[in-house]
Structure formats: structure tokens, C-alpha cells
Protein chains: 2
Amino acid sequence: MIKRTINRLFIYKNALNHFKKLGFVKVFSDNLADAVGVTPSQVRKDFSAFAISGNRRGGYRVNDLLENINKILGKNKVEEVIVVGSGNIGRALIRYNEGFMKENIKIVAAFDTDSSKADRDNAIPILPFEEMADFIREKGIKVGIIAVPDGAAQHVFEVMANAGIKGVMNFAPIMLKGTPTAVISNVNLALELENIIYYVNAGESAAYL
Amino acid sequence: MIKRTINRLFIYKNALNHFKKLGFVKVFSDNLADAVGVTPSQVRKDFSAFAISGNRRGGYRVNDLLENINKILGKNKVEEVIVVGSGNIGRALIRYNEGFMKENIKIVAAFDTDSSKADRDNAIPILPFEEMADFIREKGIKVGIIAVPDGAAQHVFEVMANAGIKGVMNFAPIMLKGTPTAVISNVNLALELENIIYYVNAGESAAYL
DNA sequence: ATATTTTTGTGATTTTTTTCACAACACTAT
DNA sequence: ATAGTGTTGTGAAAAAAATCACAAAAATAT
């Protein structure tokens, strides 16, 4: 699978934007490798997988490379996403919206089962969960973020999937089951921390997890 | 490397606690596999790597298994961690502390360069960044979370590392360089979302990222 | 007792991912 | 022109991870 390659492509893109901002016109595979924490071969192999080419001896022109990568990753239009759950994580994501905007991601609404939390006047409105399915269908939303308590996540997912959601970022530490129509990515910050703590206590001195 | 195995062990642990709560006394490798989204062989291979054994035909006794896993993952005492940056992410993490507590992780303080944000009376105090190094040394803190703007992350990391931090969860989308004495785990929510969006737009119908 | 069934534990195999290593090329200097 | 140098692009090799597949063991049934 080229899943990892795709993921790295996003990371290269990021590094390239940095380089560009710093005024670089050309980069070499080892510049990117350093910036991103992989080997130069890895960088070249990744590019090779998508037939991105540079100049032997001349490296890659930052602009061309960015253009190529952007074409592959296809990020031109803003993607509208919704958040379900307005607890700590949900609210943090909403507030972080500016950060997402830089990557062409826009949180357009949040939903909560506790309808007393509804707030339609907010820049990013918080709406009753019952309205979610219609909202998804009407606006053609494709991506949703699940930031609800564990017990509610499966149900939320099913409603989302039925309404046509195609991708989900799930913060609940459970495996979402059913409808194999959506791409799912689980994010679990406590798990991430537990891993770090494990290696620290194991006396691991340096590693990227 | 057994990095992935360790990570899965944490996930199995989680699932086992669920099973236990539901009253299960025994589990089979395929129960765990289902719960966690891997193959039964994978589960057994993982256990095998740490010489955890069950009963042929009888599966694994939930309690024994949990005990074994906990012994390997070594999580008995609470790990005290600090957060640097009291922006959206930092504050969200602080508020999420209850969630971490379930996993024996406790955020004991936050730090911010903007000393006007200081708040010593909070349950989790927010302190001026200048006090961080001493705090780390005095309390013997091993793990820190970097939730500051990109530009500040490297500096924060260096101060942390010098003060003795051994593990870092980094929310800034940059490669932290230098002092190879700390385990580093990068978390990038925008990147995660970008990946999801990529697969959604690529028409990928079902996948776990 | 014996046969049958179920599930583990693991060596062998396959698949995936990364690294190596070097020819091909392009640029520079002489 | 020619030699020298630095960097790509990519097959080949190595390493890492996942899956297969099946004998061995344990429980149950006959």
C-alpha cells in the first residue's frame, strides 16, 4: 500500500512551504529528508512512486515540486467538515479552526445531543444532534469528526454514515463497526501518551514513535 | 522493531478492560481481534512475542491476561506530565485531564511564555515558562507536551530536554532536532484530517488509516 | 477410552516497506 | 572538449510486519 507515501507527501508539502517561505528555490532530497526525518532515498522513492522528477544534480525546484504534490494530493477547494460532540475535544477543535483553515479545512458546524448547548449564532454554530443528518445531506458534507463519549460514538457514526459521510476522524477509543463505506482514522491522545511513557520508563533514549 | 506490538498491547489492554467490565472471564484471540481490528493471528503473535500464553481451546483468562499485559507495559504508578502552551490545544488537554487520569496520566502543570496567563490557584496551575526548568528538575518530570506555536516549539523542546525531560508529545508540525535523549511523538491533527480527505476524494470506500 | 472439536502457539511464507548502491545525467571547472 | 563532482532515479537487497497453515493441546461428546 502507498498509504505511508501519501502521508509523507503531506509532510513534504508542509516542509516545502516552509522552504518556500524562507526563499529557497531548489531543494535536494536530503534537505527534505532532514526536514522531515526520513532518509533521502525514501524521499526519492516516494516521488518516484508518483513519477515526480527533479534534475539530476539540480535537485527539485520548490515551486514545481509543490505544484506536483498538490496535484497529487488534490487540495484546491476547501473541505467542509463537521464535529460531533462539544465537550473538551470538540470545543478545542472548533477553536482551532484557524489552524485547519491553513490546510483548506473548515469546520462548518458542531452538533451535540445536549440541545441546551445549541448556539446558532456562533460563527461555527452548535446545533442539536437531530439536525445533523439533514445538514450532512443538504450541504453534502463528506467528513465528520467524532468527539463524543465512548458509549455514543458507534451510534453517531451510524447516523453519519447513513447520511452519507465518507470519512471520519474518531476520538473515541473504540473500533467503529459496520457500513464499510467510510474511511476511518482513530486518534487517541491518551494512547499516544501511554506509548511515550512506556519508552521513557523502558529507558529508551531516543526514538520517534 | 516491536513498536507496533507495544502499541497494540495498549489497545488490547483497553479492550480487555471493556470485556472485563462486561463480565467476561475468558476471551479468545478472535474476540480481541474483532474488538481491536486486527487478525486473530496478529493477536497471538503479539502475545507470543512477550511469552504471554493462554490455554489451547480455553482462550485467555481476562484477569491473567490483563495482569500479564500490565506487567509488560508497567503502568502502576501515576505519571506526572506537564503541558507547555495554554492556547487551544493546551487548554483542551488540561480540561481533558480526567480522561488521562483513567490511564494513570496526570497533567500537573501548564506553562506559558505569556506570563499574564499565569494562574497559580488553578487545580492545574498555569505558570510562567521561566519556571519550567526548575519545576521539571524539582518534581522529576519525565514527560512533556508541546502545544505552542510552530516557531516556539524547538526552543521549548531544548529547554525541556536540558532540564531532563525524556519523552515529548509534540503538537507543532515540525521535526524537533538535537539532543537524542528524548522519545518524541508528533501529533498533527490537521495532517490526519488531510489524509482522510485525500482518501475520501480519491473515492476510497473503506479503510482504516 | 476414543473420537471430535476448538483454539492456541509458532515456523514458514508472503507482503510491505525501507535501505542500498550505482548507472545515468547535468552542471562546473579546467 | 574533458574531467570531475554532486544528485537523481531505480532495480536489487534487506528488513520489518503481517498472514498462513497446521501440529499440539485441552475440553467435550460418544
Side-chain angles (χ1 to χ4, degrees), chain A residues 1-12 15-16 19 24-69 72 175 186 195 199 204 207-209, chain B residues 1-12 15-16 19 24-69 72 175 195 199 204 206-209:
Chain A
M1 179 91 60
I2 52 166
K3 225 158 56 180
R4 289 170 185 249
T5 300
I6 294 285
N7 188 54
R8 279 192 299 262
L9 242 36
F10 279 108
I11 302 177
Y12 299 143
L16 282 165
F19 282 131
F24 282 55
V25 175
K26 312 194 298 185
V27 283
F28 301 114
S29 57
D30 62 323
N31 300 141
L32 276 169
D34 279 0
V36 153
V38 300
T39 63
S41 321
Q42 181 77 83
V43 173
R44 298 200 299 274
K45 252 285 148 69
D46 286 337
F47 290 169
S48 164
F50 287 97
I52 294 175
S53 62
N55 295 26
R56 294 186 198 235
R57 177 144 190 173
Y60 305 83
R61 300 191 64 79
V62 173
N63 280 328
D64 297 357
L65 193 45
L66 267 171
E67 199 178 314
N68 272 313
I69 292 180
I72 291 159
M175 275 289 290
N186 291 309
N195 270 283
Y199 289 103
E204 208 90 358
Y208 268 92
L209 301 189
Chain B
M1 177 90 61
I2 52 168
K3 226 159 56 179
R4 289 168 186 246
T5 302
I6 294 285
N7 188 53
R8 281 191 298 264
L9 241 35
F10 279 107
I11 302 177
Y12 298 144
L16 283 165
F19 282 131
F24 283 55
V25 175
K26 312 192 299 184
V27 284
F28 301 114
S29 56
D30 62 324
N31 300 141
L32 275 169
D34 279 359
V36 152
V38 299
T39 62
S41 321
Q42 182 76 83
V43 172
R44 299 200 298 275
K45 254 281 152 70
D46 286 338
F47 290 169
S48 163
F50 286 98
I52 294 175
S53 62
N55 295 27
R56 293 184 198 238
R57 175 140 191 177
Y60 304 83
R61 301 190 64 79
V62 174
N63 280 329
D64 296 358
L65 192 46
L66 267 171
E67 199 177 316
N68 272 314
I69 292 180
I72 291 159
M175 276 289 291
N195 270 282
Y199 289 103
E204 208 89 358
Y208 267 94
L209 302 189

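Just so it is clear, the model here is predicted, and its values are computed rather than measured. Numbers restart at 1 for each chain; the letters A, B, ... are given by sequence-line order, proteins then strands.
Between atom NZ of residue A:Lys26 and atom CG of residue A:Asn31 there is a gap of 10.5 Å, rounded to the nearest 0.5 Å.
Rounded to an integer number of Å, the gap from CD1 of A:Ile6 to C1' of C:dT17 is 15 Å. Atom CG of B:Asp30 and atom P of C:dT8 are 7 Å apart (whole Å). Rounded to whole Å, the distance from CZ on B:Arg44 to P on C:dT6 is 15 Å. Per the geometry, CG belonging to B:Asp64 stands 15 Å off C1' belonging to C:dT8, to the nearest Å. Rounded to an integer number of Å, the gap from A:Asp46 CG to D:dT10 P is 13 Å. The interatomic distance linking B:Arg8 (CZ) with D:dA17 (P) rounds to 9 Å, in whole Å. One atom, CZ of A:Arg61, and another, P of D:dT8, lie 14 Å apart when rounded to the nearest Å. Atom pair A:Leu65:CG and D:dT7:C1' shows a separation of 14 Å (rounding to whole Å applied).
Within the 4.0 angstrom heavy-atom criterion, only backbone atoms of the sugar-phosphate kind lie near A:Tyr60; the bases stay farther away. Within 4.0 Å of A:Thr39, counting heavy atoms only, lie sugar-phosphate atoms of the nucleic acid but no base atom.
Nearest approach of B:Ile6 to B:Phe50, heavy atoms of both residues: CD1-CZ, 3.7 Å. The nearest pair of heavy atoms linking A:Asp30 to A:Pro40 is CB-CG, 3.8 Å.
Taking side-chain N and O atoms only, A:Ser29 has a distance below 4.0 Å to OP1 or OP2 of D:dT8.
Side-chain contact check for B:Leu16 versus B:Tyr60: every heavy-atom pair is 4.5 Å or farther apart.
The residue among A:Val27 and A:Arg57 whose nearest nucleotide of DNA chain D is located toward the 5' end is A:Arg57. Annotation: of the two residues near DNA chain C, B:Ser41 and A:Gln42, the 5′-most nearest-nucleotide partner is B:Ser41.
Side-chain N/O atoms of A:Arg56 and base N/O atoms of C:dC25 include no donor-acceptor pair closer than 3.5 Å. For D:dT19, its base sits under 3.5 Å from the side chain of B:Lys45 at one donor and acceptor pair at least.
In this structure a side-chain-to-backbone donor-acceptor pair under 3.5 Å is present from A:Thr39 to A:Gln42.
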